[in-house]
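Chain letters run A, B, ... following the sequence lines, proteins first, then strands; residues in each count from 1.
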Protein chains: 2
Amino acid sequence: MSATPRISEAEWEVMKICWNRSPVTAQEIIDRLAALDDWHPKTVKTLLNRLVKKRALGFKKDGRAYLYHPLVTEKDCVSAESRSFLDRVFGGSLRPMLAHFVEHQKLSSSEISELKTLLKQQEKK
Amino acid sequence: MSATPRISEAEWEVMKICWNRSPVTAQEIIDRLAALDDWHPKTVKTLLNRLVKKRALGFKKDGRAYLYHPLVTEKDCVSAESRSFLDRVFGGSLRPMLAHFVEHQKLSSSEISELKTLLKQQEKK
DNA sequence: ATTATATGATTACAGATGTAATTGATTTAT
DNA sequence: ATAAATCAATTACATCTGTAATCATATAAT
């Protein structure tokens with residue numbers, strides 16, 4: 001897990017699209033975010049430029065348009081973000097955090113059994 | 001759960017102290033954060049003022065010094081922050097999020113059994 | 001070839017945030 | 001009573017973020 005740059009809330013939306021569909025043109029990202037979040041094309045371009053500057057995204061010219069691709073993995077960013085959240089809000093303690101989610105978000109019974117399975121697998125390690 | 005103001009990363013540290021020891025003087029908060037995060041007293045004062053302006057903290061004058069106390073509950077802030085994190089990083093889906101934490105952070109066997117107990121309680125609802 | 005259009009690059013601008021310094025008012029020590 | 005120390009209020013300032021507009025350049029249409 002290499003160090004990931006700090007990715008803002010709005011930038012996450014862009015990164016998610018890149019992780020799912022890389023390589024992807026600016027136009028496609030713009031279209032998707034216009035539909036999804038009703039963002040102005042110029043706004044999306046700004047976010048793309050900032051992500052390139054942060055070295056979270058790279059691009060290749062494909063004639064007229066650019067093709068963007070992630071330079072950091074989703075896994076690494078998710079891990080960094082999760083760590084930061086856990087530390088900030090729960091003082092780094094996993095148990096209270098998991099308890100919070102299990103209590104607050106209603107879990108369907110299938111989700112509960114999936115989790116139990118996950119826990120059982122953990123137990124064996 | 002009343003609407004909570006947005007609380008920044010640094011501000012969280014201040015809030016945590018207030019939630020644990022309210023009512024508390026600026027001096028005590030300053031001392032604790034100097035020890036904990038090595039923050040300058042002036043920095044802490046700025047954070048306190050911003051939190052008062054955001055209506056996350058209130059204060060009462062106690063002669064010379066102020067006594068600060070939270071105006072928003074820890075529970076409400078934790079919930080809001082958790083929601084925002086879940087949405088941003090895991091698209092709002094609980095299962096992948098829990099799976100991430102269970103897989104990445106090593107859980108002690110006692111933590112695992114506690115979690116199982118929590119899940120069993122959930123099942124009954 | 002000139003004009004219109006599309007798209008990437010640069011610039012803009014207000015509010016949030018991290019990180020304080022300066023000012024002002026009040027209390028305390030001399 | 002005056003000077004010194006304390007503590008809150010105001011101001012500072014660079015960077016990040018959200019949200020674009022403008023500028024420049026390349027391609028397409030006439």
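When the side chain to side chain donor-acceptor pair (under 3.5 Å) test is applied to B/R95, the partners found at least two apart in sequence or on another chain are A/E114. Residues passing the side chain to side chain donor-acceptor pair (under 3.5 Å) test with B/R55, sequence neighbours excluded: none. Considering only residues two or more places apart in sequence or on other chains, A/T117 meets the side chain to side chain donor-acceptor pair (under 3.5 Å) condition with none of them. B/S108 pairs by the side-chain contact (heavy atoms from CB on, under 4.5 Å) definition with B/S110, B/E111, not counting sequence neighbours. By the side chain to side chain donor-acceptor pair (under 3.5 Å) test, A/K75 pairs with no residue at all, sequence neighbours left out.
Applying the ring-ring contact (aromatic ring centres under 6.0 Å, His included) rule to pairs touching residues 42-80 of chain B yields B/F59-B/Y66, B/F59-B/Y68, sequence neighbours excluded. Sorted by first and then second residue, the pairs that involve residues 75-96 of chain B and meet ring-ring contact (aromatic ring centres under 6.0 Å, His included), not counting sequence neighbours, are A/F85-B/F85, B/F85-B/F90, B/F90-B/H100.
Rounded to whole Å, atom C1' of D/dA20 lies 13 Å from atom CD1 of A/I30. One interatomic measurement links the two molecules: NZ of B/K61 to C1' of D/dA9, which rounds to 11 Å at whole-angstrom precision.
Nucleotides of DNA chain C lying under 4.0 Å from heavy atoms of chain B occupy a range whose first and last members, 5' to 3', are C/dT17 to C/dT22.
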With a 3.5 Å cut-off and sequence neighbours excluded, list the donor-acceptor pairs that the side chains of residues 34-49 of chain B form with protein atoms.
unit_1: B/H40; atom_1: ND1; unit_2: B/K42; atom_2: N; d: 3.0
unit_1: B/T46; atom_1: OG1; unit_2: B/K42; atom_2: O; d: 3.1
unit_1: B/N49; atom_1: ND2; unit_2: B/K45; atom_2: O; d: 3.3

For residues 21-28 of chain B, which side-chain N or O atoms pair as donor and acceptor with protein atoms under 3.5 Å away, sequence neighbours left out?
unit_1: B/R21; atom_1: NE; unit_2: B/E28; atom_2: OE2; d: 3.2
unit_1: B/T25; atom_1: OG1; unit_2: B/E28; atom_2: N; d: 3.0
unit_1: B/Q27; atom_1: NE2; unit_2: B/D31; atom_2: OD1; d: 3.0
unit_1: B/E28; atom_1: OE2; unit_2: B/R32; atom_2: NE; d: 3.1
unit_1: B/E28; atom_1: OE2; unit_2: B/R32; atom_2: NH2; d: 3.3

Any N/O pairs under 3.5 Å between the protein and nucleotides 16-19 of chain D? List them or say none.
unit_1: D/dT17; atom_1: OP2; unit_2: A/K54; atom_2: NZ; d: 2.9
unit_1: D/dG18; atom_1: OP1; unit_2: A/A10; atom_2: N; d: 3.0
unit_1: D/dG18; atom_1: OP2; unit_2: A/S8; atom_2: OG; d: 2.6
unit_1: D/dG18; atom_1: N7; unit_2: A/R50; atom_2: NH1; d: 2.8
unit_1: D/dG18; atom_1: N7; unit_2: A/R50; atom_2: NH2; d: 3.3
unit_1: D/dG18; atom_1: O6; unit_2: A/R50; atom_2: NH2; d: 2.8
unit_1: D/dT19; atom_1: O4; unit_2: A/R50; atom_2: NH2; d: 3.1

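Looking at B/N20, its side chain does come within 3.5 Å of a backbone N or O of B/K16 through a donor-acceptor pair.
Residues from residues 15-28 of chain A lying near DNA chain C, meaning a heavy-atom separation below 4.0 Å, are A/A26, A/Q27 in numerical order.
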